[in-house]
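I have placed the structure first, in the form of structure tokens, so that the comments after it can refer back to it.
Counting convention: from 1, in listed order, for ligands and their atoms alike.
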Amino acid sequence: MTYIENILVVGKGGREHALGDKLAKDNPGTNLFFAPGNGGTSDIGTNLDIGVDDFDSITDFARDNDAFTVVGPDQPIVDGLGDALREAHVPVFAPTAAAARLEGSKVFAAEFNERHGIQQPRFFVARSLSQAIQYVQSHDASSYVIKADGLALGKGVHLPSSTVEATNSVYEMMHKNDRTAHKPLLFQERLTGREVSMFAFTDGTHIVPLLPSQDHKRAFDHDIGPNTGGMGAYAPAPFMSAEDIDTFTSTILQKTVDGMREDGTPYKGVLYVGGMMTDQGPQVLEYNARFGDPEAQPLLTLMSSELAPVMLACMGNGLRRQQVRFRNGAAACVVLASEGYPDTPETGQVIYGLDQVEDPNITVFHAGTSKVDGDYVVSGGRVLGINAYGRTVKEAIHRAYAAIGPRGIHFDGMFYRTDIGHQVVR
Ligand code: AMP
Ligand code: GLY
């Protein structure tokens, strides 16, 4: 066991609760801190009143307490929290801002893939409104997707169904939305196939892929409704054969890490590729410079080797394949959301049934919760991730659903998808 006295997890979602839970279980004596954490993380560690964008306070705390710091969410990673902590000589798990451009700029990522021969949809970069309008007017709206260049809180991708809709999206993104206005737009060929979330730990040279997993981005059953941060996930994705995983690993994950190193911006950390399995093989839809949420929840449920040594090996130039091991079986996560999510979620409702979970295969990770006078109350859109382990994906999914409902975990205005895993389970 690698003993680490103090660990700080930056973030407040289900992913960060799952990361903290795994790190604490691996290191029973460790002092765990969250900045800022949520209702669930306060049960396994200490929540600090520090936001994820308060780099000075995070750095001061980590340095003063010599805390190994794990950064969960995209924005602080893209904004350089990893670099700030490294400058302060804090051991940290987060890629550099230069490497995180893979996530922070879709135009950078598309041009990087082109330069390094990594398979992706055909693309066009519109650098002005008139270029974008011209593109929209000369292409069938169902043939492309429109992506804002920077981080856009899950609202950066549009799949228009008509030219009018596409024109409105272009105006909205290039003019009205403060986060994306006056930045380029990426038009990408619209692909069909199965989506897969592939992750790899990497030290900048060597990579170790994690199990393939699948997210469910749309809010409602049958993949309809608005895009969300993710409504559920499972791993391993059974439609990925050993050969598919090998192809994905060699043609995308390894090539990406090699390309970043050759370009002088080595990528160290966990790399997340949102991929599409097409008739032409796997292709990159998007990169992320962090763990996915909810995918991290089932993946960490299945990881049997210790996490902190893997993270330290990634940052320190010495990752070995044998360091990363998974249990047999499968895990699934069903996200419970609050009415109105993703746009205007209700908050303040009391959550019931958390103390009634008896199945040892269930772990509940909190996201939008806080603790008020001993009660857990809803404080955000994605509220809880109900995670279950099973021998098969089907068993894991059924177990997760069995914990939810009027006799199990529930709150007013709760909604969730009832078809997580519908692609693989009937
Ligand atoms: P992203 O944030 O880039 O992962 O995009 C959000 C969602 O939009 C993805 O999960 C896909 O469902 C869809 N999407 C993104 N790019 C494409 C593409 N080129 N073709 C088809 N669907 C896409
Ligand atoms: N599950 C999607 C994401 O983390 O971006």
* Structure fact -> Contact region, Gln188 to ligand 1, non-hydrogen atoms below 4.0 Å, reads side chain

* Asked: Any N or O of Asn227 that comes nearer than 3.5 Å to an N or O of ligand 1?
  -> no

* Asked: Considering only the protein, which heavy-atom contact is closest to atom 17 (C) of ligand 1, and what is its distance?
  -> Leu285 CD2, 3.7 Å

* To do: Could you tell me whether Asp293 and ligand 2 have an N or O pair separated by under 3.5 Å?
  => yes

* What's the shortest distance from atom 8 (O) of ligand 1 to any protein heavy atom, and which residue and atom give it? -> Val157 CG1, 3.6 Å

* Where ligand 1 meets Lys106 - atom numbers and elements under 4.0 angstrom, heavy-atom basis -> 3 (O)

* Given Lys147, Glu286, Arg122, Gln120, which one has a non-hydrogen atom that is nearest to atom 15 (C) of ligand 1? -> Lys147

* Asked: For ligand 1, which atoms, with element, lie under 4.0 Å from some heavy atom of Arg190?
  -> 20 (N), 21 (C)

* **Ligand-residue contact atoms, ligand 2 with Glu295, heavy atoms, under 4.0 Å** => 1 (N), 2 (C)

* **Close-contact set for ligand 2 against Asp215 heavy atoms, below 4.0 Å** => 1 (N), 2 (C)

* Asked: Looking only at heavy atoms, is any part of Arg15 under 4.0 Å from ligand 2, and if so is it the side chain, the backbone, or both, or is it neither?
  -> neither

* Asked: Do we see a donor-acceptor contact under 3.5 Å between the side chains of Tyr272 and Asp74?
  -> no

* Structure fact -> When distances are taken from atom 11 (C) of ligand 1, the protein heavy atom at minimum range is Glu195 OE2, 3.2 Å

* Contact check, Pro121 vs ligand 1, heavy-atom distance below 4.0 Å -> yes

* Ignoring hydrogens and angles, state whether a donor on the side chain of Thr256 or Tyr267 is under 3.5 Å from an acceptor on the partner side chain. => no

* Asked: Does any donor atom in the side chain of Asp140 or Ser142 lie under 3.5 Å from an acceptor atom in the other side chain?
  -> yes

* **Closest protein heavy atom to atom 13 (C) of ligand 1, given as residue, atom name and distance to 0.1 Å** => Leu159 CD1, 4.2 Å

* **Numbering as shown, the atoms of ligand 2 that approach Gly229 to under 4.0 Å (heavy-atom distance)** => 1 (N), 2 (C)

* List the closest protein heavy-atom neighbour of atom 20 (N) of ligand 1: residue, atom name, distance to the nearest 0.1 Å. => Leu191 N, 2.9 Å

* Asked: Taking atom types as modelled and ignoring hydrogens, do the side chains of Ser197 and Glu295 form a donor-acceptor contact shorter than 3.5 angstrom?
  -> yes

* To do: State plainly whether the residues Asp258 and Lys255 are in salt-bridge range, i.e. N to O under 4.0 Å.
  => no

* To do: Establish, from distance only, whether the side-chain atoms of Ser241 and Asp244 form a donor-acceptor pair under 3.5 Å.
  => yes

* Asked: Hey, is the main chain of Val71 close enough, under 3.5 Å, to the side chain of Arg290 for a donor-acceptor pair?
  -> no

* Structure fact -> If we number the atoms of ligand 2 from 1 as shown, the ones under 4.0 Å from a heavy atom of Arg290 are 3 (C), 4 (O), 5 (O)

* Is there a donor-acceptor contact under 3.5 Å linking the side chains of Asp43 and His366? -> no

* To do: May I ask whether Gly292 has any heavy atom positioned less than 4.0 angstrom from an atom of ligand 2?
  => yes

* Asked: Under 4.0 Å between a Lys/Arg side-chain N and an Asp/Glu carboxylate O for Arg115 and Glu111?
  -> no

* Asked: Is the distance between the ring centroids of Tyr135 and Tyr144 under 6.0 Å?
  -> yes

* Going by distance only, is there an N or O of Glu189 that falls short of 3.5 Å from an N or O of ligand 1? -> yes

* To do: For the residue pair Glu16 and Thr41, confirm or rule out a side-chain donor-acceptor distance under 3.5 Å.
  => no

* Residues Arg261 and Asp203 bridged, charged N to O under 4.0 Å -> no

